[in-house]
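Okay, so here's the structure we're looking at.
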Amino acid sequence: MSATVLPVADGGQIRRYLRTLLPGRRLLLAGTILVMLGVSLLNLAIPATIGWITQAVVDRRHPSALTIPIALLTAAVVAGAICTYFARLLLARLVFPAVGSLREDALSHAVDLPIDVVEAGDSGDVISRVSGDAERVTDAASEVLGYFVTSALAIVAALIGLAAIDWRFAVAGLLAVPIQAHTLRWYLRRSRPIYAAGRAADGRRASALLTGFTALPTLRALGLTGRQRGRIESASKESMGYELAAMQTMTRFWGRLNLAEFVGLAAILLAGFFLVRSGTTSVGAATAAALFFAGLFGPINGVLATFDTLQQAAAGVARLVGVTTVPRHETAFETGTDQVVEVSDLTFGYADGPAVLDDVTLRVGPGEKVAVVGTTGSGKSSLASLVTGLRTPRAGSIVWGRPVVERSAALVTQETHVFAGTIADNLRLGRPDATHEQIAQAMVAVGADHWVRTLPDGLDARVGGGGRPLTAVQAQHLALARVHLMDPALVVLDEANAEAGSDTSRQLDRAFAAVVRGRAAVVIAHRLNQAADADRILVMESGRVVEQGNHAELIVAGGRYAELWHAWSAG
Ligand SMILES: Nc1ncnc2c1ncn2[C@@H]1O[C@H](COP(=O)(O)OP(=O)(O)OP(=O)(O)O)[C@@H](O)[C@H]1O
């Protein structure tokens with residue numbers, strides 16, 4: 001199977017998505033920018049007043065001359081701190097809900113992804129998007145917007161301030177710009193591929209870890225835990241290697257920026273020296289100019305460094321929005337049909353492999369029980385996964401009759417997951433508002449009440465991870481009782497575990513019968529006795545329906561079903 005990855009959104013898709021987040025937040029955005037502008041202007045007042053104080057000292061003026069600049073300096077510092085507090089507050093109010101919506105959206109899409117999309121890609125990729133990328137976007141968004149806007153505003157203001165003192169100071173300061181521009185270009189070129197490869201390596205590490213945990217029993221049984229640990233280790237090393245490379249690049253980036261600062265500040269001090277000596281400018285003005293420039297280090301580095309966080313955030317946003325672009329599984333409904341579901345001309349294959357279902361049509365009316373039989377690999381389970389929306393067909397349609405029900409179909413397979421919690425919690429997943437009484441009735445309906453009664457806590461007994469271990473039949477009972485409680489329009493049973501005639505199969509057959517009773521049902525009959533009493537039987541062969549009818553009709557017809565039945569009855 002070729003591993004295709006989930007889509008990454010392009011610029012247009014990201015812009016369209018971000019625009020959907022704007023309504024109702026415009027005023028907040030404007031207010032935040034305004035307060036940040038205030039912070040930059042107040043920060044500018046600090047070097048200006050220090051220059052004023054220096055000049056007063058150089059001129060040996062009376063100490064009372066310092067009162068006004070010191071008062072202004074104090075006011076600027078206090079007001080700056082208050083504005084910074086509000087800027088952060090407003091920014092958090094602006095950014096966190098927006099990032100929260102993006103995260104929720106991506107998560108809800110990820111949960112809804114058709115299973116074939118997840119399989120075709122990599123479950124580690126989905127997880128690293130909704131966890132790592134979402135984290136990065138949250139962190140970066142709160143820092144980037146604040147730093148970037150205040151830093152950019154501070155740079156513009158300081159350059160204007162420098163030029164206002166003497167244009168030659170501004171020119172001297174600008175000597176740092178070519179070094180900064182070159183450094184930034186070098187850094188972006190070098191770091192981009194490292195970050196992209198790092199993200200992909202993170203996904204591989206998450207995937208290796210996930211496989212290690214989910215397949216632990218199988219790996220242990222086959223003695224393969226060492227090999228899987230090796231895989232996890234090498235995935236971690238690869239991921240760490242990229243982090244190390246990113247850090248080295250970052251260190252060199254800062255080193256080059258320090259050189260730019262040295263060049264700019266040296267040029268300003270030299271210009272100050274000559275301008276003061278020639279009497280063109282005062283010591284106070286030269287001090288203010290040097291402080292303006294030194295005050296620029298932070299904002300300039302802030303703007304340049306935010307490119308790094310910005311890159312990571314942009315990559316994260318593109319990956320998160322990418323998840324939201326995967327079309328959701330749409331359920332088609334039709335009013336006026338007397339069928340519960342109409343599956344028409346379905347064709348399906350796994351990934352880009354050959355078709356395993358070819359032109360399959362199946363109708364299920366209210367209360368009707370349709371059994372699907374066929375040899376191993378004829379496509380029965382694939383049909384079950386398509387009817388229940390787990391996979392998407394290559395061609396054909398699945399249309400549900402009205403009235404619309406929230407959950408059209410429920411699939412029960414042999415792979416039952418017991419969730420960590422009480423037995424009642426496990427059942428309430430099917431119907432959150434179910435009462436204790438309804439839960440107890442559902443357990444009675446599937447014949448599970450006898451073993452629940454033996455537990456000291458009854459329905460409140462803890463099961464699943466960390467709880468009481470359940471047998472396969474008990475786990476299946478929980479799954480079936482949950483479906484009974486959900487009361488779906490259609491039940492699809494695809495259970496292949498139990499051998500006919502065994503104790504297990506008898507217990508489960510009773511439970512299956514209870515869930516199917518009075519409901520429309522598709523039963524994937526791995527044992528032919530599950531099909532004999534069905535209203536209609538579909539016989540499948542190599543992905544096609546080759547025969548249809550009830551048991552008696554098909555036996556009389558003497559075709560493929562009769563052949564299978566005789567072979568099964570004899571065996
Ligand atoms: N996840 C998968 N990826 C690729 N091919 C698959 C996958 N699952 C099933 N197949 C293939 O699709 C075909 C139909 O399989 P399917 O499980 O639907 O048949 P089935 O009739 O339910 O068989 P069984 O009675 O053994 O469960 C088979 O050739 C099988 O090998």
Side-chain angles (χ1 to χ4, degrees), residues 1-5 113-126 207 210-211 214-215 218 329 343 345-362 364 369-396 398 409-417 472 476 479 490-500 502 504-505 508-509 512 521-532 534 536-548 554 559-561 563-565 567-568 571:
M1 196 197 296
S2 67
T4 47
V5 282
L113 285 177
I115 208 151
D116 33 15
V117 174
V118 178
E119 279 177 358
D122 190 335
S123 48
D125 184 25
V126 181
S207 180
L210 205 67
T211 311
T214 49
T218 315
H329 172 73
V343 173
D345 313 319
L346 274 200
T347 299
F348 171 74
Y350 291 91
D352 38 17
V356 297
L357 288 179
D358 190 5
D359 220 10
V360 173
T361 292
L362 157 74
V364 189
K369 176 179 167 187
V370 178
V372 182
V373 303
T375 49
T376 291
S378 55
K380 305 182 295 291
S381 298
S382 306
L383 178 61
S385 66
L386 286 170
V387 173
T388 44
L390 280 186
R391 299 182 185 275
T392 30
R394 286 185 185 163
I398 301 172
L411 173 68
V412 182
T413 68
Q414 65 204 36
E415 288 167 34
T416 43
H417 182 80
Q476 193 62 277
L490 178 79
V491 180
V492 180
L493 295 181
D494 184 6
E495 199 278 341
N497 256 348
E499 284 301 317
S502 68
T504 307
S505 90
L508 286 180
D509 279 347
F512 289 149
V522 174
V523 177
I524 306 300
H526 296 273
R527 288 174 278 120
L528 285 194
N529 67 322
Q530 294 173 308
R536 200 148 31 88
I537 301 168
L538 255 66
V539 185
M540 294 195 64
E541 198 71 60
S542 308
R544 289 180 155 269
V545 178
V546 291
E547 260 184 313
Q548 271 197 66
L554 292 174
R560 187 75 184 109
Y561 178 80
E563 226 175 88
L564 288 169
W565 178 259
W568 186 78

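In what follows, every heavy atom counts, from backbone to side chain, and hydrogens, waters and symmetry copies are set aside. Numbering of ligands and ligand atoms starts at 1, following listing order. Fair warning: this is a prediction, and the values are worked out from it, not measured in the lab.
Ser378 is linked by a side chain to side chain donor-acceptor pair (under 3.5 Å) to nothing, counting only residues two or more places apart in sequence or in another chain. Partners of Thr361 by side chain to side chain donor-acceptor pair (under 3.5 Å), not counting sequence neighbours, listed by chain and number: Asp345.
The contact set between ligand 1 and Thr375, taken as ligand atoms under 4.0 Å from a residue heavy atom, comprises 21 (O). Near Thr376, meaning under 4.0 Å from one of its heavy atoms, ligand 1 places the atoms 23 (O), 25 (O), 26 (O). Distances below 4.0 Å separate heavy atoms of Ser381 from the following atoms of ligand 1: 17 (O), 18 (O), 20 (P), 22 (O), 27 (O). Each of the atoms 14 (C), 15 (O), 16 (P), 18 (O) of ligand 1 lies under 4.0 Å from some heavy atom of Ser382.
In this structure, Leu564 and Gly374 approach most closely via the heavy-atom pair CD1-CA, 4.3 Å. The minimum heavy-atom distance between Pro393 and Phe348, with the atom names listed, is CA-CD1, 4.2 Å. Between Ala525 and Val373, the shortest heavy-atom distance links the atoms CB-CG1, 3.8 Å. Of all heavy-atom pairs spanning Arg560 and Thr375, the tightest one is NH2-CG2, 3.4 Å. Nearest heavy atom pair, residue Val360 against residue Gly543, reads CG2-O, 3.4 Å.
Contacts between His526 and ligand 1, counted as non-hydrogen atom pairs separated by less than 4.0 Å, involve the side chain only.
Heavy-atom proximity to atom 12 (O) of ligand 1, evaluated over Val373, Leu386, Val356, Leu357, is greatest for Val356.
By the 4.0 Å heavy-atom criterion, Asp494 is excluded from the residues contacting ligand 1. Ligand 1 has Gly379 within reach: a non-hydrogen atom of the residue lies less than 4.0 Å from it. Between Ser378 and ligand 1 there is a heavy-atom distance shorter than 4.0 Å.
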